[in-house]
Amino acid sequence: MHSPSPRSLVDLPIRRLNRGDLVPCADLCEDRGWPRDEHRWGLLLSAGTGYGIDAPDGKGLAATCLTMPYGSDFTAVGMMLVAGRYARQGIARRLMRHVMETAGDTPLTLYATEQGQPLYEALGFSPVGRAERVGGRFQAIGSGGSPAASASAAPSSSADPASALCSSASSVTTRPAAADDLQAMVRLDLPAFGTDRTHLLARLPAFSDRLQVAEEHGDLVGYAALWPSGQAEVVGPLIARDTATAQALIAALAATTDRPLRADVDARHKELLGWLTEHGLEPLSRTTVMTYGIPDLPGDAARRFAPLTVATG
């Protein structure tokens, strides 16, 4: 059968995605070598807006893109995926132009892969930062400085697993989040993230395998979630008062799973990245944080260690 020409591909209609598109979205992820992540797609399509182009050969989706709005402050763009058989034929540019036109005067932000960055630069996006993706099995460090038993070993019910793994955070305790922690989490998150994202935080208890908070003298000083992606568990979002608190939260989360961990850590947090390397995680890839219409991301990067997912900003 005659294949569509590049010109006809970029004329294909763009439509809104919904939860009925979870399987085609997951199929497209798999086509590009990503985890299928139907679980993550469910969150993104319920809290954000998905756009897609149906494949002209009738086999699922040719392309997707997801936007996550944060009022008039900015909109995050992610999940820009094009099926391999339609790559480099203008579809990604078409989708991005549609997103930009739909956003109007609202600033945009995204995490760009090395392959995607030239397109975003051509559309007017500017680099403002970088994220380092690390992954692997988290290992506790023994008293002699060598790897000890994996943090995935079940902790005793009377012990905070972070205490043994992160003595520098001795004044900080961590515990599973409770329903009445949401308001405190939102208050902590707002100055760190720079805008209200209650619509995402309220979904974390149902979305995550584990939601952990850190306290000091009764005050909430950090929180982090652990959620499944492929064969790994992702740490994110990770908001913390300081690096020691971030370490305590990661150690506590790691102690609840026997699966490898993955996180997209803001590259400015070199101390945390070094600590993760010491505990068995390895560099996997990097992305460039880019903005359009604003000079930088709002909020406090010193307390913003990792996103929920790069698709949500």
Side-chain angles (χ1 to χ4, degrees), residues 6 9-10 12 14 16-17 25 28-29 32-34 40-41 44-45 47-53 61-83 86-133 192-197 200 236-237 263-269 284-302 304-313:
L9 282 176
V10 299
L12 292 172
I14 296 171
R16 290 278 294 270
L17 300 175
C25 287
L28 187 54
C29 283
R32 302 308 292 167
W34 292 13
R40 176 170 60 149
W41 270 110
L44 296 176
L45 291 177
T49 301
Y51 299 97
I53 296 176
L61 290 162
T64 61
C65 186
L66 188 286
T67 61
M68 186 64 63
Y70 298 101
S72 60
D73 292 326
F74 67 91
T75 291
V77 182
M79 305 307 285
M80 173 61 73
L81 289 164
V82 178
Y86 299 121
R88 301 186 180 279
Q89 298 184 53
I91 294 182
R93 182 181 295 270
R94 167 95 190 287
L95 267 178
M96 276 305 302
R97 288 195 181 279
H98 179 79
V99 165
M100 295 170 76
E101 291 169 2
T102 303
D105 294 332
T106 303
L108 302 173
T109 180
L110 54 79
Y111 287 72
T113 62
E114 183 179 358
Q115 294 80 10
Q117 187 171 345
L119 168 63
Y120 303 129
E121 289 178 337
L123 292 171
F125 284 78
S126 300
V128 297
R130 196 174 75 250
E132 300 283 349
R133 175 167 291 188
F193 189 68
T195 190
D196 180 54
R197 55 173 173 172
L200 279 176
D264 292 285
V265 179
D266 189 310
R268 287 169 286 199
H269 291 293
L284 299 178
S285 62
R286 63 177 53 179
T287 50
T288 299
V289 184
M290 307 187 77
T291 61
Y292 178 89
I294 47 174
D296 202 351
L297 293 177
D300 182 4
R304 192 175 61 239
F305 287 84
L308 167 57
T309 165
V310 294
T312 60

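Throughout, numbering of the chain's residues begins at 1 and tracks the sequence.
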Practice item. In sequence, state the C-alpha distance, the side-chain angles, and the governing distance for I53 and I91, and then conclude on side chain to side chain contact (heavy atoms under 4.5 Å, CB included). Key: CA-CA 9 Å; I53 296 176; I91 294 182; 3.6 Å; yes

Check your understanding: Stepwise, does the side chain to side chain contact (heavy atoms under 4.5 Å, CB included) test hold for L123 with M100?
Key -> CA-CA 9 Å; L123 292 171; M100 295 170 76; 4.1 Å; yes

Practice item. Given side chain to side chain contact (heavy atoms under 4.5 Å, CB included), test T109 with L297 step by step and report yes or no. Key: CA-CA 8 Å; T109 180; L297 293 177; 3.2 Å; yes

**Study point:** Check against side chain to side chain contact (heavy atoms under 4.5 Å, CB included), D264 and F305
**Key:** CA-CA 8 Å; D264 292 285; F305 287 84; over 6 Å; no

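Counting heavy-atom neighbours within 6.0 Å of Y70 OH, excluding the residue itself, gives a total above 12.
By the 4.5 Å heavy-atom criterion applied to side chains, R133 and T287 are not counted as neighbours. Side-chain contact between V289 and P127: absent, with no pair of heavy atoms (C-beta onward) separated by less than 4.5 Å. Side chains of P237 and R197 form a contact here, defined as non-hydrogen atoms less than 4.5 Å apart. Residues L200 and M68 have side chains in contact (heavy-atom distance under 4.5 Å, counting atoms from C-beta outward). No side-chain heavy atom of Y51 sits less than 4.5 Å from a side-chain heavy atom of L66. Side-chain contact between L17 and L45: present, with at least one pair of heavy atoms (C-beta onward) separated by less than 4.5 Å.
Distance check, rounded to the nearest 0.5 Å: CD of Q115 to CZ of R88 gives 8.0 Å. We find the CG-CG distance between L28 and L61 to be 6.5 Å, quoted to the nearest 0.5 Å.
Closest approach of G313 to P307, counting heavy atoms only: O-CB, 3.4 Å. Minimum heavy-atom separation, R32 to A83: NH1-C, 4.0 Å. Taking each heavy atom of M290 and A112 in turn, the nearest pair found is SD-CB, 3.6 Å. Taking every heavy atom of both residues into account, A47 and P69 meet most closely at O-CD, 4.2 Å.
Listed by first and then second residue, the side chain to side chain donor-acceptor pair (under 3.5 Å) pairs involving residues 96-107 amount to none (not counting sequence neighbours). Sorted by first and then second residue, the side chain to side chain donor-acceptor pair (under 3.5 Å) pairs involving residues 304-313 (not counting sequence neighbours) are R40-T309.
Within the 3.5 Å criterion, the main-chain N or O of G129 finds no donor-acceptor partner in the side chain of R268.
Aromatic ring pairs are classed by plane angle as parallel below 30°, tilted from 30° to 60° and perpendicular above 60°; the pair Y120 and F125 is perpendicular.
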Residues 73-82 side chain polar contacts: donor-acceptor under 3.5 Å, at least two apart:
| unit_1 | atom_1 | unit_2 | atom_2 | d |
| --- | --- | --- | --- | --- |
| D73 | OD2 | T195 | OG1 | 2.3 |

